[in-house]
Novice: 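Mind looking over this structure? Questions follow.
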Amino acid sequence: MAVDIEIFGQLLPEQPRRRTMEIEKPETARFVAHAIGLNPDEIGLITINGVQSDLDDPVQPDSRLCFFPYITGG
Amino acid sequence: MKILRVNMKEAGVRWEPVSAEYEQIGGRALIAKLLLNEIPPDCDALGPHNKLIFAPGLLGGAVVPAAGRLSVGAKSPLTKGIKEANAGGTGGDNLGKMGIKAIIVEGQGAPKKFYSLVVGDESAELVPADDILKTGTYATADKLQEKYGADSTVICIGQAGEQLMSGAGISSTGTKDQRSNHAARGGLGAVMGSKGLKALIIRKPAGKIKFMDEKLFRAASKTFAQELIKSPKLGTKGSQHLYGTAAIVGAVNEMGSLPTKNFSEGQFEPSVELRGEKLRELVLAREGKMGARCMPGCVIACRNLFVDESGKPVVGSVQYETIALVGSNLGLGKLDEVAEINYMCNDFGLDTIETGAALGVALEAGLAEFGDFKAIIGLLKQVGEGTVLGKVLGCGAAATGRVLGVRRVPVTLGQAMPGYDPRTLKGNGVTYATSPQGADHTAGNAFGARKQVNPLGKEGQTELSFKLQIIAAMLDSTGMCIFARPPIIADPQLMLDMINGIYGWGWTLEDYDRLSRDLLRTELEFNRRAGITQKDYRIPEYMREEPLPPQNAVFDVPDSELDSIFDTL
């Protein structure tokens with residue numbers, strides 16, 4: 001089962017914006033971030049299936065996981 | 001410091017000293033107090049008893065980075081309550097340097113007789129504006145800067161304001177290519193039109209402000225600028241600088257809060273083409289400009305100059321709210337289309353939020369298909385032409401809904417919602433449903449505010465909005481851009497040192513907090529006396545009953561919580 005991952009903005013600028021990652025059991029967003037080489041300190045917002053989440057929240061196989069840099073609303 | 005009072009009935013001007021009551025307040029706070037003291041809150045917003053006020057913030061003239069915004073206020077023809085909208089540009093700092101605390105425009109002259117007000121350090125005069133009538137804001141600014149100097153600030157209305165359309169804003173020139181900075185919200189352009197004031201020209205100031213403790217001010221101002229530069233959100237490596245306000249398009253869409261097709265959905269698949277990342281790619285490939293500034297010395301530099309495929313400038317600057325309201329909300333998925341509508345709105349002098357929402361309602365009524373760019377442009381052109389339909393659209397979403405028989409109208413207090421659907425970002429819903437400013441994200445924007453408050457849940461939203469509304473009130477009284485808030489929230493002493501360095505008031509944090517709360521109390525009291533009840537602030541019924549896909553959320557923060565939000569003010 002794969003997680004659909006998308007990274008935004010200036011995060012990992014040289015890498016593709018969208019990818020999938022196979023996981024066999026629920027993992028944390030932190031685990032996925034680490035696996036793709038993302039520095040947790042640079043992550044400002046995480047969503048799992050569109051829901052604002054934390055680094056240590058579980059990511060189920062078949063989820064959509066997005067990493068955003070620090071952003072702000074006006 | 002001084003106040004300039006302009007009587008449009010007599011076409012006369014008068015300088016006044018600043019009374020003790022107004023000495024220690026600026027911007028939005030000063031506007032609130034003046035309006036409550038000087039106008040009947042139940043007056044006709046477009047009648048002779050309303051007053052239009054221009055007021056720099058307390059930091060105006062000190063050239064603090066990102067803190068030269070100009071507040072404009074009056075009773076709103078949209079909300080029927082108090083309204084303050086502030087804009088970047090050069091007006092706030094220039095008025096501050098002249099020692100002008102406020103310009104109060106009052107009375108009303110003969111119908112359709114328009115003037116320009118020309119203000120210098122010690123001079124002010126009204127001159128006929130016949131030669132710039134029925135002219136858009138860009139050409140008006142060009143003509144007036146040719147006459148009064150490229151270093152003057154031109155603040156003006158377009159055709160929408162002249163025709164008293166309640167979706168009209170007020171445009172101000174800024175630095176270089178940032179020609180259009182709008183005090184957009186609440187129909188203040190219509191109030192300016194009702195006064196017979198086409199333009200306000202602020203000539204280049206001769207002097208600078210005097211500091212009571214320049215060392216204290218400089219130290220705080222320097223630290224503040226350094227903190228902005230270091231900020232992961234705002235600094236030169238931050239998303240606000242790299243992608244502008246459009247940096248959040250992807251996130252708002254992902255969270256299901258992006259207004260789509262008249263707020264009927266929270267995600268718009270083609271929004272990938274509307275993201276800040278795409279904006280940056282397009283603009284740089286076409287040799288436009290990213291990292292532009294609306295105010296001199298701003299270190300965030302979130303603006304852009306959007307250019308077309310041939311590199312010709314279209315508009316400075318395409319921003320998030322406009323992308324949301326005239327892009328996804330109208331089913332349009334190309335930044336070129338958004339930029340063209342943006343330019344037209346700016347030129348007619350229209351609030352892009354109000355107009356985007358009005359067009360969304362018109363599309364729901366069947367006047368054109370969502371996504372039909374040409375048809376949408378055709379509708380918008382009618383605003384400038386002043387056709388009956390154009391006047392309806394120019395009067396905003398609520399008026400358009402009433403005329404066209406649409407009940408799904410995204411407004412509170414008569415004013416259109418900005419680019420965050422309240423069903424999936426409930427903190428903003430609380431702000432829309434409680435702020436004396438109506439549906440206005442700048443009054444307390446919960447997007448990305450706190451991880452511990454789930455945007456989809458109803459818990460903790462009123463507490464969050466309450467805190468954000470106090471912070472917004474604090475910033476709006478100083479002329480500071482809301483984006484620049486992180487260093488001040490982290491260390492409020494920086495703001496106090498800057499203010500105390502200028503004025504020598506010896507303010508403490510308690511003083512500052514008290515004045516911010518007093519501002520909100522004043523605005524709420526104005527609205528109460530205007531006859532606005534708590535029910536008038538409510539989120540529309542359909543948003544409380546009809547789930548928004550894909551999160552299938554409704555706005556469900558209980559009325560009892562909304563009604564008691566200011567109990568501890």
Side-chain angles (χ1 to χ4, degrees), chain A residues 2-21 23 26-74, chain B residues 231-235 237-257 266-267 272 275-277 280 300 302 319-321 418-420 424-425 427-428 441-442 445-457 468 481-486 550-551 553:
Chain A
V3 181
D4 173 18
I5 303 165
E6 189 160 7
I7 49 178
F8 288 76
Q10 64 272 39
L11 298 177
L12 300 177
E14 306 304 324
Q15 296 193 23
R17 304 287 85 192
R18 203 158 178 181
R19 70 185 77 186
T20 56
M21 187 175 132
I23 56 172
E27 300 284 1
T28 62
R30 187 187 301 278
F31 173 88
V32 178
H34 184 261
I36 64 173
L38 199 47
N39 178 356
D41 293 342
E42 293 177 0
I43 301 168
L45 174 70
I46 297 166
T47 59
I48 302 172
N49 295 330
V51 177
Q52 191 169 322
S53 303
D54 286 322
L55 269 170
D56 294 316
D57 285 342
V59 180
Q60 305 292 336
D62 272 348
S63 299
R64 175 166 161 76
L65 172 62
C66 295
F67 293 108
F68 300 89
Y70 286 93
I71 48 179
T72 186
Chain B
S231 162
K233 289 180 186 174
L234 310 169
K237 292 178 182 170
S239 40
Q240 195 78 359
H241 175 76
L242 293 170
Y243 308 106
T245 57
I248 65 172
V249 170
V252 181
N253 184 66
E254 193 64 28
M255 293 162 76
S257 203
Q267 280 186 347
V272 66
R275 290 178 184 170
E277 292 89 330
R280 182 175 176 85
I300 304 171
C302 69
Q319 302 208 78
Y320 172 72
E321 302 299 332
Y420 314 86
T424 41
L425 188 55
N428 276 24
H441 62 296
T442 67
N445 192 350
F447 176 78
R450 287 180 181 211
K451 285 182 181 172
Q452 60 267 41
V453 180
N454 172 9
L456 288 165
L468 292 168
C481 174
I482 201 158
F483 293 127
R485 64 190 181 274
Q551 295 290 358

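Small disclaimer: the values here were computed from a predicted structure and weren't measured.
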Novice: Quick check on A/R64 against chain B: is it the side chain, the backbone, both or neither that has a heavy atom closer than 4.5 Å?
Specialist: side chain
Novice: Does any N or O in the side chain of B/H241 come within less than 3.5 Å of the main-chain N or O of B/I300, such that one atom is a donor and the other an acceptor?
Specialist: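 Pair found, side chain donor or acceptor close to backbone of B/I300.
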Novice: Does any backbone or side-chain atom of B/S239 lie under 4.5 Å from a heavy atom of chain A? Answer side chain, backbone, both or neither.
Specialist: both
Novice: Closest heavy-atom contact between A/Y70 and B/P232?
Specialist: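 Looking at all heavy atoms of both residues, the shortest contact is CD1-CB, 3.7 Å.
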Novice: Tell me, out of B/K237, B/Q551, B/R275, who's got the most heavy-atom pairs with chain A below 4.5 Å.
Specialist: B/R275
Novice: Any side-chain to backbone donor/acceptor pair from B/S257 onto B/M255? Under 3.5 Å, distance only.
Specialist: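 No; zero donor-acceptor contacts below 3.5 Å.
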Novice: Checking A/F8 against chain B: side chain, backbone, both or neither under 4.5 Å from a heavy atom?
Specialist: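 For A/F8, backbone and side chain are both near chain B.
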Novice: Please check if the side chain of A/D57 supplies one atom and the backbone of A/D54 the other of a donor-acceptor pair under 3.5 Å.
Specialist: yes
Novice: With a 4.5 angstrom heavy-atom cut-off, which part of B/E254 approaches chain A: side chain, backbone, both or neither?
Specialist: both
Novice: Specify the closest pair of heavy atoms between B/F447 and B/N445, including all atoms of both residues, with the distance to one decimal.
Specialist: N-OD1, 3.0 Å
Novice: What's the shortest heavy-atom distance between A/G73 and B/R485, and which atoms?
Specialist: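 Looking at all heavy atoms of both residues, the shortest contact is O-NH2, 3.2 Å.
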Novice: What residue in B/S231, B/C481, B/A251 has the most heavy-atom pairs under 4.5 Å with chain A?
Specialist: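 Looking at each of B/S231, B/C481, B/A251 in turn, B/A251 comes out on top.
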Novice: Check for me whether the distance between the ring centres of B/Y320 and B/Y420 falls short of 6.0 Å.
Specialist: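 Centroid distance B/Y320-B/Y420: below 6.0 Å, so yes.
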Novice: Write out, in numerical order, the residues from residues 33-49 of chain A with a heavy atom short of 4.5 Å from a heavy atom in chain B.
Specialist: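 Only A/G44, A/L45, A/T47, A/N49 of residues 33-49 of chain A have a heavy atom under 4.5 Å from chain B.
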Novice: For B/R280, is it the side chain, the backbone, both, or neither that has a heavy atom closer than 4.5 Å to a heavy atom of chain A?
Specialist: neither
Novice: If every non-hydrogen atom of A/I7 is compared with every non-hydrogen atom of A/R19, which pair is closest and at what distance?
Specialist: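 Shortest heavy-atom separation between A/I7 and A/R19 comes out as CD1-NH2, 4.0 Å.
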Novice: Do you know the tightest heavy-atom contact between B/E321 and B/G419?
Specialist: OE1-N, 2.7 Å
